[in-house]
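Notes for the one structure printed next.
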Amino acid sequence: MVEKQKVLVAPSLLSADFCNLKSEMDNLQSADMLHLDVMDNHFVPNLTFGFPIIESIRKNTKMPLDAHLMVESPEEYVDRLAMIGVEYISFHLEATVHAHRLLAKIKSLGIKAGIALNPGTSACLLEPLLAEVDFVLLMSVNPGFGGQKFLPLVYDKLSYLRPYKEKFGFLLQVDGGVSDKNCQSLVEAGVDILVAGNFVFQGDYKQNIARLKL
Ligand code: DX5
Ligand code: ZN
């Protein structure tokens with residue numbers, strides 16, 4: 001019998017207590033990677049953290065780091081992130097006219113390259129890029145803030161992408177409003193990586209991560 005493939009859980013540090021990042025990270029050991037929401041207050045109406053903080057996160061954990069760039073001109077960020085040593089970088093299709101080139105650049109740096117999509121952007125626009133991506137990040141909230149309501153329109157995008165996933169072997173990641181209420185249907189729809197902020201950081205983190213993996 002083929003064993004059911006386990007979903008990966010990526011807690012979003014956006015929901016962490018930034019004054020206690022080290023102990024927050026220590027409480028996330030059972031997760032598979034740490035999701036870092038980089039916002040520039042231009043692409044999205046919020047500002048989070050940049051290189052110095054990511055560098056210090058890197059020095060304090062061996063967990064894979066997943067940088068989600070919600071920034072204009074994402075091409076200006078990848079060299080520094082490569083030097084710091086993140087394992088995954090995603091950028092938004094809406095933020096660059098050179099997505100194909102940037103995917104190749106990220107991969108040439110030995111980093112897994114992902115393309116991210118806002119809820120209002122059609123998944124069909126990804127078609128020419130799907131042979132090149134290591135993962136696709138589908139936003140199930142409008143980017144910028146944690147704790148928003150999950151938008152079910154992501155399911156249609158998952159159905160559209162699934163045959164391409166089988167063909168090319170990329171991973172599917174969903175980000176926004178993920179909880180124990182929707183994790184099972186998301187995994188059934190083909191999701192490989194669940195990003196969760198609010199849900200993980202309430203109560204017992206380890207238990208919450210385990211609930212997303214059920
Ligand atoms: C939103 C971020 C998400 C966010 C998810 O722009 O990309 O990663 O932190 O948080 P929740 O799970 O609370 O929606
Ligand atoms: Zn994110």
Side-chain angles (χ1 to χ4, degrees), residues 7-18 21 24-25 27-28 31-50 53-54 57 63-72 74 77-78 81 86-95 106 111-121 133-155 157-158 171-187 191-205 207-213:
V7 71
L8 304 174
V9 173
S12 163
L13 287 189
L14 189 58
S15 296
D17 173 359
F18 287 133
L21 258 191
E24 292 282 67
M25 283 155 54
N27 287 331
L28 297 168
D32 300 285
M33 60 181 81
L34 294 178
H35 183 81
L36 308 178
D37 287 305
V38 180
M39 305 185 189
D40 67 351
N41 205 35
H42 291 278
F43 182 71
V44 288
N46 200 2
L47 187 63
T48 52
F49 44 77
I53 290 182
I54 298 176
I57 291 171
M63 291 177 77
L65 299 180
D66 169 32
H68 173 195
L69 300 179
M70 284 161 279
V71 299
E72 290 180 355
Y77 291 68
V78 300
L81 290 171
V86 305
E87 282 80 1
Y88 298 77
I89 296 177
S90 61
F91 63 90
H92 276 257
L93 180 66
E94 302 87 353
I106 294 170
I111 297 169
K112 300 272 184 228
I115 188 97
L117 218 57
N118 284 337
T121 307
V133 296
D134 292 308
F135 65 107
V136 174
L137 187 170
L138 295 174
M139 292 300 307
S140 39
V141 298
N142 282 293
F145 304 94
Q148 302 180 77
K149 195 166 166 277
F150 177 80
L151 298 170
L153 55 74
V154 76
Y155 287 109
K157 295 186 187 181
L158 289 166
L171 301 181
L172 287 169
Q173 184 179 45
V174 167
D175 182 6
V178 170
S179 72
D180 58 348
K181 305 270 184 300
N182 51 28
C183 60
Q184 199 182 338
S185 58
L186 287 169
V187 172
V191 174
D192 305 282
I193 309 170
L194 294 168
V195 176
N198 231 37
F199 178 76
V200 168
F201 287 84
Q202 292 178 43
D204 184 330
Y205 301 177
Q207 216 170 68
N208 295 339
I209 291 165
R211 277 159 74 192
L212 292 176
K213 283 174 176 270

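FYI, the numbering just counts along the sequence from 1. Just so you know, ligand 1 is whichever comes first in the structure, and atom 1 is the first atom listed for that ligand. What you are looking at is a predicted structure, and each value in this text was computed from that prediction instead of being measured.
Residues L186 and Y155 are in side-chain contact: their nearest non-hydrogen atoms beyond the backbone lie under 4.5 Å apart.
At a 4.0 Å heavy-atom cut-off, the residues surrounding ligand 1 are S12, L14, H35, D37, M39, H68, M70, M139, P143, G144, F145, G146, G147, D175, G176, G177, V195, A196, G197, N198, listed by chain and number.
Seen from the Zn ion (ligand 2), atom OD2 on D175 and atom NE2 on H35 lie at an angle near 100° (rounded to 10 degrees). Rounding to 10°, one obtains 90° for the angle at the Zn ion (ligand 2) between ND1 (H68) and OD1 (D37).
The aromatic rings of F18 and F49 sit perpendicular to each other, their planes meeting at more than 60°, with 30° as the lower class boundary.
Here D32 pairs with K213 in a salt bridge; the nearest charged N to carboxylate O distance falls below 4.0 Å.
D37 and H35 are linked by a side-chain donor-acceptor pair at a separation below 3.5 angstrom, with hydrogens and angles left out of the test.
Partner of I106 under the side-chain contact (heavy atoms from CB on, under 4.5 Å) criterion, out of I115, D134, V78, V133: V78 alone. Paired with L212 under the rule side-chain contact (heavy atoms from CB on, under 4.5 Å), one option of V200, V7, V187, L8 passes, and it is V200.
In this structure, the side chain of S140 does not engage the main chain of F150 through any donor-acceptor pair within 3.5 Å.
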